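All remarks here apply to the structure that follows.
Every value quoted in this text rests on a predicted model; they were computed, and no experiment measured them.
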Amino acid sequence: ILSSALLYILRRDVNIKIKQSSNSQAIASNLLTKGFYDRNNWPEHLIRIYIEDAINERTWADNDFCMPYIKNICFVFNTKIPPNNAMQLETPAFGGSVGQHREMQLCLEDDSGDGSSNTIESIGFGIDTDTPYLIFNRFSDIENAVEKMVVDAIKEQLNKRQQTDWYTRNFLKFLCSTAGLGEVRYLCITRLELWIHNGKLVKYAQQLLYYICYNIKENHTKDHEVLAILVKIRLKTKPSLNFFMFCIKEMITQQPNVLRLILKLV
């Protein structure tokens, strides 16, 4: 009964209808984390409530005070977070010597007015060994069910939002957080070129490209399909092209054997 009451505070439909303090959601999430602390396998509804918020308004999915709960939830996605300091890209500048460089950084400025943080580190997932709370895969017994739950939620959004302008930054942030799943990477890459060419989504789409490349696995069959689409992407601006090449370089650094697959596809 108590856990149901705490989950009610985190429910999306409740947050939309009733203006709540973010403190109430932080307290609820931390009490749930504490309550299930000694259980290796958490019930499915604990992750379902996170997906509902993270893919839509992100009312509490970006709240730093909810991180003990969120990081335990997102561990199951097995998403590797690319280093933020690697977002600096050096390329020879036009009209100058080879020694001159252009620095390109992915600057995620938020003009959505929702007050949420949008830096790479704030997406709300990953492995933090320095935290005082224990983080590990709490859904090891239902990993396949979790992946299906995530994929179904993403497909629902893709079917609902047929026009590019209808996609939201929050949706792309959720895709980043779940990029550790092979089926998610495939679903993302089929729409990524459209998102990168959308002025409102370009920064988030570039971030998503970075996550896809950083999480590709050379021995994953689905990723061979991802690479086949990736090499066909055509970008219109030089900054986007430079960033695309940077992501390819990072991917090959992480998975050297991918280079053979890329050359074969090209």
> Under a 4.5 Å cut-off applied to non-hydrogen side-chain atoms, are L230 and C213 in contact?
Replying inline: yes
>> Run the side-chain hydrogen bond (donor to acceptor under 3.5 Å, both in side chains) test against N137 and tell me which residues pass, sequence neighbours left out.
In response: E143
> Could you give the distance from CG (N63) to OG (S29), rounded to the nearest 0.5 Å?
Replying inline: 7.0 Å
> So, do L261 and D223 sit near enough that their side-chain heavy atoms are less than 4.5 Å apart?
Replying inline: no
> Is a donor on one side and an acceptor on the other found under 3.5 Å between the side chain of N215 and the backbone of A179?
Replying inline: no
>> Enumerate the side chain to side chain donor-acceptor pair (under 3.5 Å) contacts for residues 226-236, please, sequence neighbours excluded, ordered by first and then second residue.
In response: none
> What salt bridge (Lys or Arg N to Asp or Glu O under 4.0 Å) pairs are there with at least one residue in residues 251-266, not counting sequence neighbours?
Replying inline: none
>> Less than 4.5 Å apart, side chain to side chain, heavy atoms only: is that true for M251 and Y214?
In response: no
> Got a salt bridge between R11 and D53, using NZ or NE/NH1/NH2 to carboxylate O under 4.0 Å?
Replying inline: no
>> Can you tell me how far apart CD1 (I248) and OG1 (T253) are? Round to the nearest 0.5 Å.
In response: 11.0 Å
> In the single-linkage hydrophobic clustering (I, L, V, M, F, W, Y; side-chain heavy atoms under 4.5 Å), do Y69 and F65 co-cluster?
Replying inline: no
>> Applying salt bridge (Lys or Arg N to Asp or Glu O under 4.0 Å) as the test, list every pair that has at least one member in residues 30-46; sequence neighbours left out.
In response: E44-R48
> In Å, rounded to the nearest 0.5 Å, how long is the span from CG of L10 to SG of C66?
Replying inline: 7.0 Å
>> If I take atom CD1 from residue I252 and atom CD1 from residue I216, how far apart are they, to the nearest 0.5 angstrom?
In response: 10.5 Å
>> Give me the atom names and distance for the closest heavy-atom approach of L172 to A205.
In response: CD2-N, 3.6 Å
>> Can you confirm whether the side chains of Y211 and R185 place a donor and an acceptor under 3.5 Å from each other?
In response: no
> Taking the six-membered ring for Trp, are Y210 and F243 parallel (under 30°), tilted (30 to 60°) or perpendicular (over 60°)?
Replying inline: perpendicular
> Using 30° and 60° as the class limits, which term best fits the ring planes of W42 and F139: parallel, tilted or perpendicular?
Replying inline: perpendicular
> Taking all non-hydrogen atoms of both residues, which atom of P68 and which atom of T33 are closest, and how far apart?
Replying inline: C-OG1, 3.9 Å
> Should L7 and L46 count as side-chain neighbours, where that means a heavy-atom distance under 4.5 Å?
Replying inline: yes
> With a 4.5 Å heavy-atom cut-off, do S240 and Q206 have their side chains touching?
Replying inline: yes
> Do D62 and W60 come close enough that some side-chain heavy atom pair is under 4.5 Å?
Replying inline: no
> Just one of Q157, R191, K160 clears the side chain to side chain donor-acceptor pair (under 3.5 Å) bar with Y167, so which one?
Replying inline: R191
>> Measuring only between side-chain heavy atoms, which start at C-beta, is Q255 closer than 4.5 Å to N219?
In response: no
> Who pairs with K148 by side-chain hydrogen bond (donor to acceptor under 3.5 Å, both in side chains), at least two apart in sequence or on another chain?
Replying inline: D152
>> Rounded at 0.5 Å granularity, tell me how far CZ in R169 sits from CH2 in W195.
In response: 15.0 Å
>> Quick one about R58 and N170 (side-chain donor to acceptor, distance below 3.5 Å, no hydrogens or angles considered), yes or no?
In response: no
>> Under the rule for side-chain hydrogen bond (donor to acceptor under 3.5 Å, both in side chains), what residues qualify as partners of S140, not counting sequence neighbours?
In response: N41
> Between L194, T190, I196, which is the residue that forms a side chain to side chain contact (heavy atoms under 4.5 Å, CB included) with L192?
Replying inline: I196
> What orientation do F77 and F174 show, parallel under 30°, tilted 30 to 60°, or perpendicular over 60°?
Replying inline: perpendicular
